[in-house]
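Notes follow the structure.
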Amino acid sequence: MAPRVLMIGTALSGKGGIAAVVSVLDQDGLFAREGVRYLATHADGTRAAKARVALAGFWRTALACLTERPAVVHAHSASHASFFRKSLLLLIARRCGARTVFHLHGGGFRDFATRESGALARWWIRHTLEASSVVIALSAGWAAFLAGFAPRATVRVVPNAVDVARLASASAEEAGRVLFLGRAEPAKGVYELLAAVAALAPRFPALRLALGGDGDLALLRTRAAQLGIAERLDILGWIGPQDKADQLARAAVFCLPSHAEGLPMALLEAMAVGKAVLVSDVGAIPEAVTDGDNGLLVAPRDVAALAAALERLLSDHALRRRLGAHARQTVAERFSTAVVGATLSGVYRELCQGDLR
């Protein structure tokens, strides 16, 4: 049976926020309710493996648009190659009569669209946004940027979602355990976090930093040794859903001091579990986290501020409990799969009924 909605993005078995958010929406029943068929146009692996998946995904998507004629084609996209692949597929979809949804992920899109791209690429980015039936932004801040960059685009805010029911609030908190989930690279602020842990180590004998994610882990170990905190580091590598749930339960604090972000799934998952979160004041994060109410915010790249906020959380169990409880309530009210899935269903129905262009 031809799909009502053809959705394209990274393989759901892969790493990263797009796979995580689409997976939870599928598990919550969105695909079944709305007649969604999902095609992978990107996968983790070697360069050759990525190229094979990209070519196969491009061909399968183009063929589905030509032969199955879905009513809506919904593309999850980041920047650079991801954007250009999806923009061409959305062009094909429009030529086949489909309404198109451009769903923006990733904190680097602003720089990609304004600073890193030449005049021709900027024109194509703007054209893709304005030609799409709907552009989905993860937050009001991102929506404002997109509306300014592409004034004729129809922009809707649909945040990332987490399955609150599957993320139990029961905690096995270990004193002094700080959890980082993300790629071990400078843009995620992991090296500032190492420096902050090194500054606090003399005052907190139980302090340990657990890092879950891929990246240059050897360099991470070297930097930790240089700072004298190698024995306080648990390098987990990339972890699956069950291991992630276990690590979240054990953590006293979740910390992600990124330099740029969209709306990190790891942050929303930590909030859903009821953890005290310490994150940078970047991207869509301030629209989910209110400093002092359901988490703590710091400026990116500020080691002193990061260390001071982390010390505050590690020293005050009551504060961690209060922030964590408010964080879980925030996710339940605004970022649950039920809320976000209903919003997406509404977008699809408007498109299919012709209420949106």
Side-chain angles (χ1 to χ4, degrees), residues 138-141 159-182 189 192-193 196-197 199-201 203-212 232 244-258 261 263-300 302-340:
L138 299 181
S139 70
N160 284 340
V162 293
D163 190 338
V164 181
R166 291 174 186 259
L167 291 168
S169 59
S171 177
E173 178 181 309
E174 297 177 10
R177 189 171 182 86
V178 178
L179 178 64
F180 169 98
L181 295 175
E192 288 93 336
L193 181 54
V197 169
L200 295 177
R203 297 195 296 280
F204 292 90
L207 176 56
R208 294 194 67 82
L209 175 59
L211 296 120
R232 294 176 181 264
K244 183 191 295 186
D246 293 341
Q247 290 295 330
L248 284 168
R250 294 171 61 189
V253 176
F254 172 82
C255 188
L256 186 64
S258 302
E261 281 289 357
L263 183 59
M265 281 294 290
L267 166 63
L268 295 180
E269 289 167 343
M271 294 173 71
V273 176
K275 292 297 172 177
V277 299
L278 170 55
V279 285
S280 298
D281 185 7
V282 296
I285 289 176
E287 296 181 40
V289 177
T290 301
D291 187 46
D293 176 63
N294 60 358
L296 296 184
L297 294 172
V298 293
D302 191 335
V303 174
L306 181 62
L310 188 55
E311 179 178 21
R312 183 182 171 194
L313 289 174
L314 293 173
S315 302
D316 193 335
H317 179 69
L319 174 63
R320 295 198 304 274
R321 289 190 63 183
R322 177 174 65 80
L323 294 177
H326 289 180
R328 183 169 170 83
Q329 181 180 0
T330 297
V331 170
E333 293 175 352
R334 297 172 50 200
F335 303 102
S336 70
T337 49
V339 171
V340 176

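In this text, all values refer to a predicted model and were calculated from it rather than measured experimentally. Residue numbers start at 1 and run along the sequence shown.
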Smallest separation among heavy atoms of Pro286 and Gly283, with atom names: CD-O, 3.4 Å

In short, Ala309 meets Val298 closest at the heavy-atom pair CB-CG1, 3.8 Å

Donor-acceptor pair, Lys275 side chain versus Leu267 backbone, under 3.5 Å? no

Under the side-chain contact (heavy atoms from CB on, under 4.5 Å) criterion, do Leu296 and Leu313 qualify, and how do the steps go? CA-CA 9 Å; Leu296 296 184; Leu313 289 174; 3.6 Å; yes

Look at Arg320 together with Glu173 and state whether they make a salt bridge at an N to O cut-off of under 4.0 Å. yes

Kindly compute the distance separating CD (Glu311) from CG (Leu278), expressed to the nearest 0.5 Å. 12.5 Å

Note, Arg334 side chain near Val339 side chain (heavy atom, < 4.5 Å): no

Give the minimum heavy-atom separation between Leu179 and Ala251, together with the two atoms involved. CB-CB, 3.7 Å

Do side-chain atoms of Asn294 reach the backbone of Val277 as a donor and acceptor pair under 3.5 angstrom? no

Is there a donor-acceptor pair closer than 3.5 Å between any side-chain N or O of Arg232 and the backbone N or O of Arg208? no

Could you tell me the separation between the CZ atom of Arg321 and the CG atom of Asp316, rounded to the nearest 0.5 Å? 11.5 Å

Side-chain donor/acceptor of Glu287 to backbone N/O of Ala140, under 3.5 Å: yes

Just verifying a value: how many Å separate Glu261 CD and Leu256 CG, rounded to the nearest 0.5 Å? 5.0 Å

At what distance, to the nearest 0.5 angstrom, does CD1 of Ile285 lie from CG of Leu138? 11.5 Å

Run the side-chain contact (heavy atoms from CB on, under 4.5 Å) test on Leu209 and Cys255 for me, step by step, so that the C-alpha distance in whole Å, both residues' side-chain angles and the decisive distance to 0.1 Å come before the verdict. CA-CA 10 Å; Leu209 175 59; Cys255 188; over 6 Å; no

Is atom CZ of Arg312 surrounded by more than 12 heavy atoms (other residues, nucleotides or ligands) closer than 6.0 Å? no

Tell me if a side-chain donor or acceptor on Asn160 pairs with a main-chain N or O of Leu263 at a distance below 3.5 Å. yes

Separation between CG (Leu297) and CG (Asp291), nearest 0.5 Å, reads 5.0 Å

When you measure from the side chain of Thr337 to the backbone N and O of Ala161, does any donor-acceptor pair fall under 3.5 Å? no

From Leu248 atom CG to Lys244 atom NZ, the distance as rounded to the nearest 0.5 Å: 7.5 Å

Is any side-chain heavy atom of Ser258 closer than 4.5 Å to a side-chain heavy atom of Val279? no

Within the distance-only criterion (no hydrogens, no angle test), does the side chain of Arg177 pair as donor or acceptor with the backbone N or O of Gln247 below 3.5 angstrom? no

Of the non-hydrogen atoms in Leu323 and Asp293, which two are nearest, and what is the gap between them? CD2-O, 3.4 Å

Where Gly176 and Leu314 come nearest, the two heavy atoms and their spacing: CA-CD2, 4.0 Å

Residues Ser280 and Pro300: closest non-hydrogen pair is OG-CA, 4.0 Å

